[in-house]
Amino acid sequence: MSSRSYLRSAVADMGEQHFRVVDRAIRSADLVGLVEAPGNGALCLFEGAVRDHSGERQTTHLEYEAYGAMAERVFADIAAVAIERFGVAAVAIHHRTGCLQIGEVSVAIAVGAEHRGPAFDACRFVIDQLKLSAPIWKKEFGPDGSSWIEGPVAEPVCPGGDPDTSASSADSET
Amino acid sequence: MTSAPLIAVEVEVFARLRELCGGSASIALRLPVGADTAQCFAALAARFPALEASRSGLAVAVNEQYAGWHHSLREGDVVAFIPPVSGG
C-alpha cells in the first residue's frame with residue numbers, strides 16, 4: 001500500500017485540472033484561476049520558458065517528452081508536500097510536451113496562500129522538487145545537432161523533503 | 001516437458017533510452033514468475049544490448065510509482081525505466 005496515501009488526501013479535493021501534462025501551449029490564466037480564493041491574499045505564478053542558450057551552446061528549440069500519467073501523480077505528490085510544509089492553500093502545476101520554441105513556456109506553477117511568504121517559498125519548493133522527481137526530459141537542438149539533457153537521477157518526492165538538498169549529491173539515497 | 005510459468009509485463013522507456021530501443025516507447029516482455037525489476041531490465045537489455053551501458057543512473061517505476069531494483073513483478077505490471085530527468 002502506498003505510504004503516500006496520506007499526502008494524496010491533501011490534494012484529493014483538487015480537480016483533475018490542477019496537475020496536468022499538456023501537448024499544447026500552457027495557459028497560465030487557467031492555473032491562476034485554479035488557485036484563487038477569497039481567503040488568499042497572495043498568488044505566486046512561476047513560468048519556466050525556453051532559453052536561447054544552454055551554457056555556451058546556442059539553442060534553436062527544445063523537445064520535451066514525459067511519462068505523462070506518472071508525472072501528473074508526481075505533481076500531486078509535490079503539491080501535497082508543499083501544502084503540508086508551507087501551509088499554502090492551493091497549488092497547480094502544468095508542464096508542456098512536444099516541440100517548444102525560444103520563449104515558449106514549458107512549465108507553469110501557481111500557488112495560492114493567505115500570505116506572500118509561504119506563497120513564494122512553496123512556489124520555489126515546487127519547481128525545485130519537480131526538477132528532481134518528475135519523469136520529464138528535454139532534448140536540446142542547436143546549430144551542431146541535438147542531445148537529451150540528463151540531469152539528476154530521478155527520485156521519489158519525500159514527505160519531509162529538504163528544499164535545500166543538492167540534486168548533484170552522488171551519495172544521496174532516498 | 002513443462003515450461004516455466006511466465007508473466008506478461010509492459011515496459012515503458014523514454015528519451016535516450018527509447019531511442020536505444022529503436023524508438024518504441026512501449027515493449028511487451030514475458031518474464032519468469034517471481035522476476036524482479038532488475039531481471040526485467042536484463043531481459044530488455046538482452047533484446048537491446050545498447051541499453052546495458054545506460055543502466056547506472058536509471059530510476060525504476062512500477063505502475064507509475066517509483067520502485068527499487070528488486071521489486072517483485074506481477075502479471076500486468078507496467079515497468080518504466082527512467083533516465084536522469086530534465087523537466088522544468
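Residue numbers start from 1 in every chain, and the chains themselves are labelled A, B, ... in the order their sequence lines are given, proteins ahead of strands.
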Please look at [X] and chain B and tell me whether the side chain, the backbone, both or neither of the residue comes under 4.5 angstrom of a heavy atom of that chain.
{"X": "A/I149", "answer": "both"}
{"X": "A/A69", "answer": "both"}
{"X": "A/K138", "answer": "both"}
{"X": "A/A66", "answer": "backbone"}

Per-residue contacts, residues 37-53 of chain B versus chain A, heavy atoms under 4.5 Å: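 So far as heavy atoms go, nothing in residues 37-53 of chain B approaches chain A to under 4.5 Å.
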
Considering only heavy atoms, give the residues of residues 74-85 of chain B separated from chain A by less than 4.5 Å, sorted numerically, with 'none' for an empty result.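 Residues in range: B/V78, B/A80, B/I82, B/P83, B/P84, B/V85.
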
Distance in Å, A/W137 CH2 paired with B/R18 CZ, rounded so as to fall on 0.5 Å steps: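 Going from CH2 on A/W137 over to CZ on B/R18, the span is 10.0 Å.
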
Rounded to the nearest 0.5 Å, what separates atom CD in B/E19 from atom CD in A/E65?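 Rounded to the nearest 0.5 Å, the CD-CD separation comes to 8.0 Å.
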
With the 4.5 Å side-chain cut-off for hydrophobic clustering, are [X] and [Y] part of the same group?
{"X": "A/L31", "Y": "A/I78", "answer": "no"}
{"X": "A/F46", "Y": "A/I136", "answer": "yes"}
{"X": "A/I83", "Y": "A/V157", "answer": "yes"}
{"X": "A/F120", "Y": "A/L43", "answer": "no"}
{"X": "B/W69", "Y": "B/V13", "answer": "yes"}

Report yes or no: does B/S86 contribute a side-chain atom to a donor-acceptor pair with the main-chain N or O of A/G151 at less than 3.5 Å?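 It does not hold such a pair.
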
Check: A/Y64 side chain, B/G88 main-chain N or O, donor-acceptor pair, under 3.5 Å: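 Judged by distance alone, yes, a pair lies under 3.5 Å.
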
Locate the shortest heavy-atom distance separating [X] from [Y]; write the atom from each residue and the value.
{"X": "B/A59", "Y": "A/A154", "value": "CB-O, 3.6 Å"}
{"X": "B/E12", "Y": "A/Y67", "value": "CG-OH, 4.4 Å"}
{"X": "B/E64", "Y": "A/M70", "value": "O-CG, 3.4 Å"}

